Each structure stands twice: as C-alpha cells, then as structure tokens.
Amino acid sequence: MTTITHVALLFLAVAVLLAWWVWNQREQDVDDGEDAAANDARITPLLRGINYLLSDQADLALQEMVQVARLRSDAIDVYMALGEMFRSSGEIGRAVRIHQNLLARPDISSDGRLQAHFALGRDFHTGGLLDRALRQYDHALGIQSDHLPSLEASLRIREQSREWLPAEELLCRIERIRGEESHFHRASLYAEEARRCWRDDHHPEEAEDFANRAIGLDAACAAAYLVQLDLLIAQTAPWQAIEDRFTLLWQQCRHHAAQAIPSWIGHDAYREASTTLLLRCWHDGHDEQLMLLWLEQLYAAGCGSRVKEIVMESEFVPVSLRGEMRLLALREEGDADSQRLAERARVWRKQVKDYRCHECGVEVREMRWQCPQCHQWGSIRAQEGGGL
Ligand SMILES: [Zn+2]
C-alpha cells in the first residue's frame, strides 16, 4: 500500500470517528431537549471538515474541526483524535500545536491534562526531540505516578540515549506496578552499564561490579560475561581464567557464547590456547555458528592456513546452505573454478545479514543485545537453517 493511500485511509478513519462522536453527542442532546439549531451548527463544520479531509486539504480540515471543538467545551476527544491523526501522518508540528492548545485551556480536567501531556510527549518522541518528550512524560507522571504508558515510553528514551541506570530505575517502577519481575531485562541494563564504564570511562572496577550484578540477577546474561572476558583479557590474565569464564558462558547461554571469540582472537597467545577449548565445545554441541564464527575470525586475523587445519581436525561439514557458503568464502586454494566460486561467496558474505530477532524477525548485520525494532533484550541470535 502506498503512503498516500495509507494517509487517506487514516484520514477517513478519523472522519468516521468524528462523525460517530458528533452523532452520539447529538443523540444525547436531543434526549436532553437541546435546541436542534445548536446541533446543526456543529454538524455543518464537521461535514465540511470531512469533505476537506477527503480532498486532502488538511489545513482547511483542521480549521473546521477546531470549529467543531469550539462549539462544545468537552470536545477533548476530537482534539486528541486530530492530534493522533496528524502525528501518524508525520505532521508533528500540527500535532504539537493541537496538544499545546489543549493544555492551555483553563477548563481541562486532570485526566484530559494527563492524556494531553502523554500525547505531546509522543509527538516530541516521534519527532526525535527526546529531552522535550521526557519532560512531557514527567508531567504526565506528576499527575498519575503509575501511568504505565509514560513510564514505558520514558524507559525507551533512556535506552535509546544509552542512559542505563535511569532506565533501570524506570524498569523497577514498572516492575512494581505490574507486579512481575524482569530480571533478564534489568541484568541487560547492568551489562550495558558495565560495558559503558569499561569502554567510555575506563573504570574496570565499576565495570566488574555492574557485570557481577547483572549475572547475579540473571546467570544467562551473556553480555555481562563478555564484559568480564574483556576485563580479564585487558589484565592479560592467565588463559585458564579466561577459559573458566567462557565455560560458564557456554553452559549458561550457549546460543550467544560464540560472541566471545572476537575478544581474544587478536591476541596470539590466547588465540592458540583457545583451540583446544573451542574444539571441545564443537564436539560437545556441534554448534555450526560457533565453528563458523571462529573460522571467520581466524581468517580475518590473517590465519587462513589455520582455518584449513581446524576444518580437517574437527571434521567440520556445514549442515546448512548458508554455512556452506560462509565456509566457501574462506577457501584460498583450488583451481580457477573453485577460486571463482570462493570469490562469489566472499561478495555474498559482505551483503548477508548474520543475525535475526526471534521475536519480530528483523535481520541485522551486527550482533545487538537489544532488538532495534521490537526493543526486546537478548532476542537476536545468529541466523540458522538451510536458507540464505
Ligand atoms: Zn525484534
């Protein structure tokens, strides 16, 4: 469906909603014995407004709808529907004006004020003005401290802004209101804070503390083990300490364990020492993703000859077409035909997306701990299966 058709349908839906609303009010007023002339005064601009909406003249439609709303002081629903319509069709400025005008009305009820602050927050949020959106959600929470939509929207902004501790505070409030615990989510926020402490602030002690807290909350938080491994490697810890930590990760969260390999593959001593461990893991689970990522990391580190040796030693044969192609892209020897195929596989390899969210299905090139589409934590995994 084209965007224009989508917007036209949206406009039509709002027009029907408004017609229903005014008709409903009219019926009530007739019951109350109100003068029929007052109803006609409302119906006429409404019909003109619908006509303008259908002929795609949004400015004129808005003027008529405002007229409808003026004729009744309790027409907040009309304004809210209009604001929603403009936001959905990308006209953020208009949506903001409608909601600001609502908030400026002296007769607005407390619930109307709450809804208007939340809607204005969504306008700013959609427009990328995150600070202003947060302020509006805060106003809404000032009116109703357990307003879940405002808390969830604020959490999303803190996560987008990589402010992990304020995000964790919001998540705790949401947990209390819902009466359910989100240990993995909280652990993921601590793991991100641990990574930030290490990479941005260069504070290894704080990073270690947050990584430990993450694993204390949920022992399957792979991202936290990766921070611990980074810290051990930075300290040039003995290989055994790194192997022990990796083994825990392998036991607790097998589908993300391969993500640890890039952290040590650039260190000659660790790279060689890890061979026995990774071969053992391969024999333990025949995890194709672990093997392929390991081989690709070796290839990228300039150890193409080791790739061939490990494939022979492990008797690795991919079970998926995707796996066959990834392995082919690492081949360096062979006749002209083999080389041509390998070259084509390398071109394919640069375009393919390795990871997929098992919640919403979005595909991404790089591993992420939070899905960019559905915002779930830990839902992105390496692509498996027979397809490409
Ligand atoms: Zn997703």
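One-based numbering, in listed order, for ligands and for the atoms of each. Nothing here was measured: the structure is a model prediction, and the numbers come from that model.
- Using a cutoff of 4.0 Å between basic side-chain nitrogens and carboxylate oxygens, Glu193 and Arg213 are not scored as salt-bridged.
- Among the atoms of Cys360, an N, O or S atom is found under 2.8 Å from the Zn ion (ligand 1).
- For His358, every N, O or S atom stays at 2.8 Å or more from the Zn ion (ligand 1).
- A salt bridge is defined here as a Lys NZ or Arg NE, NH1 or NH2 lying under 4.0 Å from an Asp or Glu carboxylate O, and Asp146 with Arg178 fails to meet this definition.
- The aromatic rings of His125 and Tyr137 stand perpendicular to each other, their planes meeting at an angle above 60°, with 30° marking the opposite boundary.
- With the Zn ion (ligand 1) at the apex, Cys371 SG and Cys357 SG define an angle of roughly 110° (rounded to 10 degrees).
- In this structure, Phe246 has its ring center closer than 6.0 angstrom to the ring center of Trp264.
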